Amino acid sequence: MNTNTEGRGSLLTFEGIDGSGKSTQIRLLAQRLREREISFCTTMEPTDAPVGSVIHQILTGRLQADARVIAALFVADRLDHLLNDVNGILHQVKAGTTVIMDRYYFSSYAYQSVDVPMDWLIRANELSSSILRPDVHIFIDVNPELAMERIDRNRFQKELYEEVSRLRQVREKYYESFERLKETERVAIVDGNRGQDEVAQDVWEIVQQYL
Ligand code: ADP
Ligand code: TYD
């Protein structure tokens, strides 16, 4: 059941630590939606728009910035992602398209709260959460050591947060933020420590409730 107002598309987000399998699961979900001829689009944060491009340069070490500046950049990138006149997702959702996002504001709460107070992050993201609150946030939960092995196997260059100790902290912060926001946000937790098809089956069972 789509809990949105009549005519609006669903908004589904994927969250998880780096290497948890979000992109893989979004690809598998997209296949199922195509087979069923459901109109949808996929998108990700950080974006490749101007603010997102600055963030990418910071994540890959080409630019340096204070953790508080990084937190504010993610807030700005997210608002542009929602409100941009050309391809903003608010338009898409209002037009009835199902939007699937790889990361949204819970990523700020989990990643940036290692350095910046979570209260500030939640307040700073209030514009986004009040403009577009997802039908469900799907958290792919993976053991940080396993996620790190997957990243090591598949990437030549590591990004800013891709260290196992950091991933452990981020996972804990995800759980802390879920607990803090349990009255307002719907979070579905999926065990991502299994084969990708098993994980995809659980994801599909959740998604069907919100289409
Ligand atoms: P994320 O987008 O969350 O960083 P990816 O989907 O890119 O994660 O997955 C990271 C790596 O792990 C990729 O190489 C992917 O092929 C692999 N992977 C994804 N899901 C699984 C899984 N369930 N089991 C084993 N390897 C996986
Ligand atoms: P992403 O490209 O999704 O990385 P991955 O596919 O490896 O999961 O995200 C890039 C990085 O940006 C990732 O380390 C998480 C981080 N990030 C934040 O720190 N805060 C945020 O608000 C978002 C959206 C991402």
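Small disclaimer: the values here were computed from a predicted structure and weren't measured. Just so you know, ligand 1 is whichever comes first in the structure, and atom 1 is the first atom listed for that ligand.
- Side-chain N/O atoms of Y109 and N125 include no donor and acceptor closer than 3.5 Å.
- The only member of R103, H137, R133 that meets side-chain hydrogen bond (donor to acceptor under 3.5 Å, both in side chains) when paired with T13 is H137.
- When only interatomic distances are considered, the shortest N/O to N/O separation between R78 and ligand 2 falls below 3.5 Å.
- At a heavy-atom cutoff of 4.0 Å, ligand 2 is contacted by the side chain of R103 but not by its backbone.
- Between Y105 and E126, the side chains place no donor N or O within less than 3.5 Å of an acceptor N or O (distance only, hydrogens not considered).
- Across every non-hydrogen atom of H56 and R62, the tightest pair is O-NH2, 4.2 Å.
- Between the Q92 side chain and the F40 main chain, no donor and acceptor come within less than 3.5 Å of each other.
- Counting atoms of ligand 2 from 1 in the listed order, those under 4.0 Å from a heavy atom of D18 are 4 (O), 5 (P), 7 (O), 8 (O), 13 (C), 14 (O).
- Within 6.0 Å of the CE atom in M44, the count of heavy atoms belonging to other residues, nucleotides or ligands does not exceed 12.
- The protein heavy atom nearest to atom 13 (C) of ligand 1 is N154 ND2, 4.0 Å.
- In this structure, Q25 contributes its side chain and A200 its backbone to a donor-acceptor pair below 3.5 Å.
- Each of the atoms 10 (C), 11 (C), 12 (O) of ligand 2 lies under 4.0 Å from some heavy atom of L59.
- Within ligand 1, the atoms closer than 4.0 Å to a non-hydrogen atom of R194 are 22 (C), 23 (N), 24 (N), numbered from 1 in the order shown.
- Annotation for ligand 2: atoms under 4.0 Å from non-hydrogen atoms of S107 are 20 (N), 21 (C), 22 (O), 23 (C), 24 (C).
- The contact set between ligand 2 and E162, taken as ligand atoms under 4.0 Å from a residue heavy atom, comprises 7 (O).
- Of all protein heavy atoms, the one lying nearest to atom 16 (O) of ligand 1 is T24 OG1, 4.2 Å.
- Geometrically, ligand 1 and R153 share no nitrogen or oxygen pair separated by less than 3.5 Å.
- The protein atom (non-hydrogen) at minimum distance from atom 22 (C) of ligand 1 is R150 NH2, 3.3 Å.
- Note that the CD1 atom of I131 and the CG atom of L90 stand 7.0 Å from one another [nearest 0.5 Å].
- Here the protein heavy atom with the shortest distance to atom 8 (O) of ligand 1 is G21 N, 3.0 Å.
- Among all non-hydrogen protein atoms, the one lying nearest atom 10 (C) of ligand 1 is G19 CA, 4.0 Å.
- Taking the six-membered ring for Trp and the full ring otherwise, F178 and F106 have centroids separated by under 6.0 Å.
- At the shortest separation from atom 2 (O) of ligand 1 among protein heavy atoms lies S23 OG, 2.4 Å.
- The ligand atoms of ligand 1 that sit less than 4.0 angstrom from a heavy atom of G195 are 23 (N).
- With respect to R166 and D115, a salt bridge is recorded, a charged nitrogen being found less than 4.0 Å from a carboxylate O.
- Residue-level proximity to ligand 2 for M44 is absent, since no heavy atom of it falls below 4.0 angstrom.
- Neither the backbone nor the side chain of I70 has a heavy atom within less than 4.0 Å of ligand 2.
- When each atom of ligand 2 is checked for a heavy atom of E45 under 4.0 Å away, the hits are 24 (C).
- Remark: ligand 2 atoms within the under-4.0 Å shell around heavy atoms of S108 are 21 (C), 22 (O).
- The closest side-chain donor-acceptor pair between E35 and Q31, if any, does not fall under 3.5 angstrom.
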